[in-house]
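Here the structure is laid out as structure tokens; the discussion comes afterwards.
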Amino acid sequence: MLDWSHNTYYQRLLLRHLPRPCRRVLDVGCGTGAFAARLAQRVEHVDAVDRSAPMIEQARRHTPDTVTCVLADVLVDPLPGRDYDAIVSITALHHMPLEAALEVLGAVLRPGGVLAAVVLPRRDLRREWPVELAAAVGHRLLGVVFLVTGLLRGGHPCAKEHHTRTGMPVLIDAPLTTRQAAQVAAAVLPGARVRRLLFWRYLLLWEKPRDACPTPSPGPGHPRG
């Protein structure tokens, strides 16, 4: 009863990093489309991609017409657009080689655009034991708060659905620690920042230099539906 979704909790954090103006956004690893639908309330158009066919089918049912849901692997398939104002991702980048993913995503971001991703790190108790301890305590405390809020208001703000119902892939141990991810990000995207978040995630942020060269077209897009 005290469990809750860290992914939903950190959606608001990514929304705060959207640039202004922000018209077109790419959501990488969109899952069932919950965050893409929330993004659609803020921007003109969202391209939501996922390499899982069941996830995309659910996302198409749960998102408005301003969201284009695309079955695609960002490391293999053409992306539906380029020159995005923002690229966002929640717990998807640890399912792919980070260096390769950042190269692809950095190329389709417009100059001045923002890449913001919440990613699962590999456990690093030697360096991060204080935040791990604080997370374990804070998770239960916020669980109580969310439970009470749900009872009073009739809805849980960060309700968690079990992966057996949603079909979301589960990764037991991520490939990179926060420190290792920071090293990779800085090498691929100079100026990228990585910081550990409290609840078993890290935040990766990068603003593409405004004097960066325009990116070539990634090819034809994919239709919705």
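The analysis underlying the following values was restricted to heavy atoms, covering all of them including side chains, and did not include hydrogens, waters or symmetry mates.
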* Asked: Would you say Val118 and Leu14 make side-chain contact, with heavy atoms under 4.5 Å?
  -> yes

* **Distance in Å, Leu176 CG paired with Asp124 CG, rounded so as to fall on 0.5 Å steps** => 11.5 Å

* To do: Could you grab the distance from atom CG of Leu115 to atom CG of Leu26, nearest 0.5 Å is fine?
  => 9.5 Å

* side-chain contact (heavy atoms from CB on, under 4.5 Å), paired with Arg51, selected from Val70, Asp73, Val28 -> Asp73

* To do: Decide yes or no on side chain to side chain contact (heavy atoms under 4.5 Å, CB included) for Val46 and Thr68, but give the supporting numbers first.
  => CA-CA 6 Å; Val46 179; Thr68 300; over 6 Å; no

* **Atom of Ala36, atom of Ala48 and distance for their closest heavy-atom approach** => CB-CB, 4.0 Å

* To the nearest 0.5 Å, tell me how far Tyr10 OH sits from Leu197 CG. => 4.5 Å

* **Residues which pass salt bridge (Lys or Arg N to Asp or Glu O under 4.0 Å) with Arg179, listed by chain and number, not counting sequence neighbours** => none

* **Leu93 CG to Leu98 CG distance, which is reported to the nearest 0.5 Å** => 6.5 Å

* Leu204 versus Leu102: any side-chain heavy-atom pair under 4.5 Å? -> yes

* Heavy atoms, side chains only, cut-off 4.5 Å: are Asn7 and Phe35 in contact? -> no

* Asked: Tell me, which pairs form a side-chain hydrogen bond (donor to acceptor under 3.5 Å, both in side chains) where one or both residues lie in residues 33-42, sequence neighbours left out?
  -> Gln11-Arg38

* To do: Could you check if a side-chain atom of Leu15 sits within less than 4.5 angstrom of a side-chain atom of Leu13, using non-hydrogen atoms only?
  => no

* Rounded to the nearest 0.5 Å, what separation is found between the CD atom of Glu44 and the CG atom of Leu39? -> 13.5 Å

* With Ala134 via side chain to side chain contact (heavy atoms under 4.5 Å, CB included) - residues at least two apart -> Leu198

* Could you tell me whether the side chain of Val74 reaches within less than 4.5 Å of the side chain of Met96, counting heavy atoms only? => yes

* Considering all heavy atoms, the nearest Asp50-Cys30 contact -> OD2-N, 3.4 Å

* Check for a donor-acceptor pair, side chain of Ser89 on one end and backbone N or O of Ala117 on the other, with a separation under 3.5 Å. => no

* Structure fact -> In this structure, CG of Asp47 is separated from CG of Leu79 (nearest 0.5 Å) by 8.5 Å

* **Pairwise side-chain contact, Thr66 with Val43, heavy-atom cut-off 4.5 Å (strictly under)** => no

* To do: Could you tell me whether the side chain of Thr91 reaches within less than 4.5 Å of the side chain of Val119, counting heavy atoms only?
  => no

* **side chain to side chain contact (heavy atoms under 4.5 Å, CB included) involving Glu57 - partner list, sequence neighbours excluded** => Arg60, Arg61

* Asked: Are Val114 and Val49 grouped together when hydrophobic residues (ILVMFWY) are joined by side-chain heavy atoms under 4.5 angstrom apart?
  -> no

* Asked: So which pairs with a foot in residues 90-118 pass salt bridge (Lys or Arg N to Asp or Glu O under 4.0 Å), sequence neighbours left out?
  -> Asp85-Arg110

* Arg122: salt bridge (Lys or Arg N to Asp or Glu O under 4.0 Å) partners, not counting sequence neighbours -> Asp173

* Asked: Would you say Leu133 and Phe199 are hydrophobically clustered, going by side-chain heavy atoms of ILVMFWY under 4.5 Å?
  -> no

* Validation row: Leu75, Val104 side chains within 4.5 angstrom (heavy atoms) -> yes

* To do: For Ala192, check side chain to side chain contact (heavy atoms under 4.5 Å, CB included) against everything at least two apart and list the hits.
  => Ala185, Leu189, Trp206

* Just by modelled atom types, is the Leu120 backbone N or O under 3.5 Å from a matching donor or acceptor in the His94 side chain? -> yes

* Structure fact -> side chain to side chain donor-acceptor pair (under 3.5 Å) filter on Tyr202, not counting sequence neighbours, yields none

* **Minimal non-hydrogen separation, Ala174 against Pro121, with atom names** => CB-C, 3.6 Å

* To do: For His62, check side chain to side chain contact (heavy atoms under 4.5 Å, CB included) against everything at least two apart and list the hits.
  => Thr32, Gln58

* To do: Can you run down the salt bridge (Lys or Arg N to Asp or Glu O under 4.0 Å) pairs that involve residues 187-207, sequence neighbours left out, and say none if there aren't any?
  => Glu128-Arg196, Glu132-Arg196, Glu207-Arg210

* Is it true that Trp129 and Val131 fall in one hydrophobic cluster, defined by side-chain heavy atoms closer than 4.5 Å? -> no

* Shortest non-hydrogen contact from Ala86 toward Pro19 -> CB-CD, 3.8 Å

